[in-house]
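Every heavy atom of this structure was used, including side-chain atoms; hydrogens, water molecules and symmetry mates were not. To find a chain, count down the sequence lines: A is the first, B the second, and so on, and within it residues start at 1.
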Protein chains: 2
Amino acid sequence: MSDTSNDTDIPELCRSCEARHNGICGALSGKELKYLSQHTTKKTVPAGTELVGETEAAESFANIMGGVVKLSKMMPDGRQQIVGLQFAPDFLGRPFQETSSITAEAATAVKLCAFPRSKLDAMMKETPGVEQRLLRQTLKELDEARQWMLTLGRKTASEKVASFLYMIAAQIDPERDLEDNLPITFDLPLTRADIADFLGMTIETVSRQFTKLRKEGIIELEQSRHVTVPDIQRLRDETGEF
Amino acid sequence: MSDTSNDTDIPELCRSCEARHNGICGALSGKELKYLSQHTTKKTVPAGTELVGETEAAESFANIMGGVVKLSKMMPDGRQQIVGLQFAPDFLGRPFQETSSITAEAATAVKLCAFPRSKLDAMMKETPGVEQRLLRQTLKELDEARQWMLTLGRKTASEKVASFLYMIAAQIDPERDLEDNLPITFDLPLTRADIADFLGMTIETVSRQFTKLRKEGIIELEQSRHVTVPDIQRLRDETGEF
DNA sequence: CGGCTCATTGATGTAGCTCAAGCCTGGTGG
DNA sequence: CCACCAGGCTTGAGCTACATCAATGAGCCG
């Protein structure tokens, strides 16, 4: 931890921000935070907002303070694949240059703390820890992407849906010990169409697998978005892993 | 470029090594290279050698000087997915800690330049450019992984095989302009079984798609491993992208 | 109330899997 | 030098998991 400075130096908004604890900003001192925060724009965007491409984040970067962002790729004929989900306190945007065509879109309402490219460059130059944090997050994303390649390439439809639900459940509260077997409840951040695009299948098949898991008592469903998992171990068993 | 030092300081083996030009070592000065090279072990391992897990690279890292390494994940019941291919001058091994269960195996004979973890840590501390190079490589791998997620999730069998061949063809000579439409010839670094594990399909389907592409004149095959692509554009069209 | 979007469910079609047989090719030993 | 074998590849026949097409339901908003 390098936030050894006096806590009163830390800007109000940064104090409760997860990015300061586990994100990029964790590498910054109170003074640096103060400076950076003068150049950040906090904003909340509604679900569906495009956050990248020729529009927003080409010249700007952001920490996600809340909500879920989906990263996706599209083929000329419209087939689409979601290639990543990002949650707070992930960093959004690409150091160096973006060449690969990838789209970022708010899957839910998203709270952002944005700042210009020049500030990131400066931070990377002046504070060595920033680059390391970026490297760590990138390695984490790489692990997740590879994990998902296994899911996409080798799992059955029901294993895919179980894996997705397990991933979301695990992500809801990272602190939580998943061995404890207490019920977990959460709202899905994605529509069925998004889930289908994430899992490489059709809406209909996703829906059928939800129904199947519900009938087997592995999940409970309310209004199609609100999920309760009474026994996370049983869900885990359905993923095909472990 | 930070290799501003006298060329005669550069160790013999490093001079022709791709890692010095495009890989990690490119961030090092002649003096640093000299020091590092005293602690490296060059070796060539045959196809099939395990390079990671509890065995080799937990405490050691390496630059790939030649050959192809496949990274894969396995499910308890034996289903397998290749999640990445690495070529010279890629870096092999994981900074910080490896948690995700991933296996690295030589797909062909592989030439390595290995060194202990402590040396990498030291390099990262002392030479700032090293961390940046690692970050760049990791971002590249992330791009590739995501590209492959699209292939796994949304492409048909024949698009998958075409994408694989296109990727290999493009990788054979990265300098080459793929617009020029001259025939490209290469040997596949993977068996049909490996290709199947990479594309998330069965050996039989892979084989059928090769046959189909051959009958359509998009590729020529000799001994099942030696491929000629007379018109790279036609192959590209088969990938479904662009 | 009518017109959305999102989700579920059913009926039918098909791409790719499974199972099974046979074929090259390169290596080994008689 | 040929016979044999093993591992990798191809090809065929039939099956099935998932996609496609189509209809209906449930919440939501103007």
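- OP1 or OP2 of D:dT10 sits under 4.0 Å from a side-chain N or O of B:R192.
- Residue B:R154 contributes atom CZ, which lies 11 Å from atom C1' of D:dA19 at whole-angstrom precision.
- You'll find the side chain of B:T103 stays beyond 4.5 Å of the side chain of B:L51, heavy atoms only.
- In this structure, B:F198 and B:F164 have perpendicular ring planes: the angle between them is above 60°, well past the 30° mark.
- Protein chain B contacts DNA chain C from C:dG16 to C:dG26, reading 5' to 3' and using non-hydrogen atoms of the protein with a distance under 4.0 Å.
- Going from atom CE of A:M201 over to atom C1' of D:dT20 covers 15 Å, rounded to whole Å.
- When rounded to the nearest whole Å, the span between CZ of B:R225 and P of D:dC9 equals 6 Å.
- Distance A:K212 NZ to D:dC18 C1': 13 Å, rounded to the nearest Å.
- Geometrically, A:R236 engages A:F242 in a cation-pi contact defined by less than 6.0 Å to the ring centre and at most 45° from the axis.
- Contacts of B:S224 with the nucleic acid, taken as non-hydrogen atoms under 4.0 Å apart, involve only primed sugar atoms and P, OP1 or OP2.
- Between B:R79 and B:D197 there is no salt bridge, since no side-chain N of the basic residue sits under 4.0 Å from a carboxylate O of the acidic one.
- A close approach under 4.0 Å does not occur between any side-chain nitrogen or oxygen of B:T191 and OP1 or OP2 of D:dG7.
- Side chain of B:K70 to main chain of B:A107: no donor-acceptor pair is present (N/O by atom type, distance under 3.5 Å, no hydrogens or angles).
- For the pair A:I203 CD1 and D:dA22 P, the computed distance is 16 Å after rounding to whole Å.
- The nearest whole Å value for the distance from the CZ atom in B:F210 to the C1' atom in D:dG8 is 13 Å.
- Here D:dA22 is the nucleotide among D:dC18, D:dC9, D:dA22 with the atom lying nearest to any side-chain atom of A:E204.
- The CG atom of B:D143 lies 14.0 Å from the CH2 atom of B:W148; values are rounded to the nearest 0.5 Å.
- Dashed line: the shortest gap from a side-chain N or O of A:T202 to OP1 or OP2 of D:dC18 is not under 4.0 Å.
- By the 6.0 Å contact criterion, NZ on B:K212 is enclosed, its count of non-hydrogen atoms from other residues, nucleotides or ligands being greater than 12.
- Counting to the nearest Å, the P atom of D:dG8 and the CG atom of B:L188 are 15 Å from each other.
- Atom P of nucleotide D:dC9 and atom CD1 of B:I219 are separated by 13 Å, given to the nearest angstrom.
- With the nearest nucleotide of DNA chain D identified for both A:R208 and A:Q223, A:R208 has the one nearer the 5' end.
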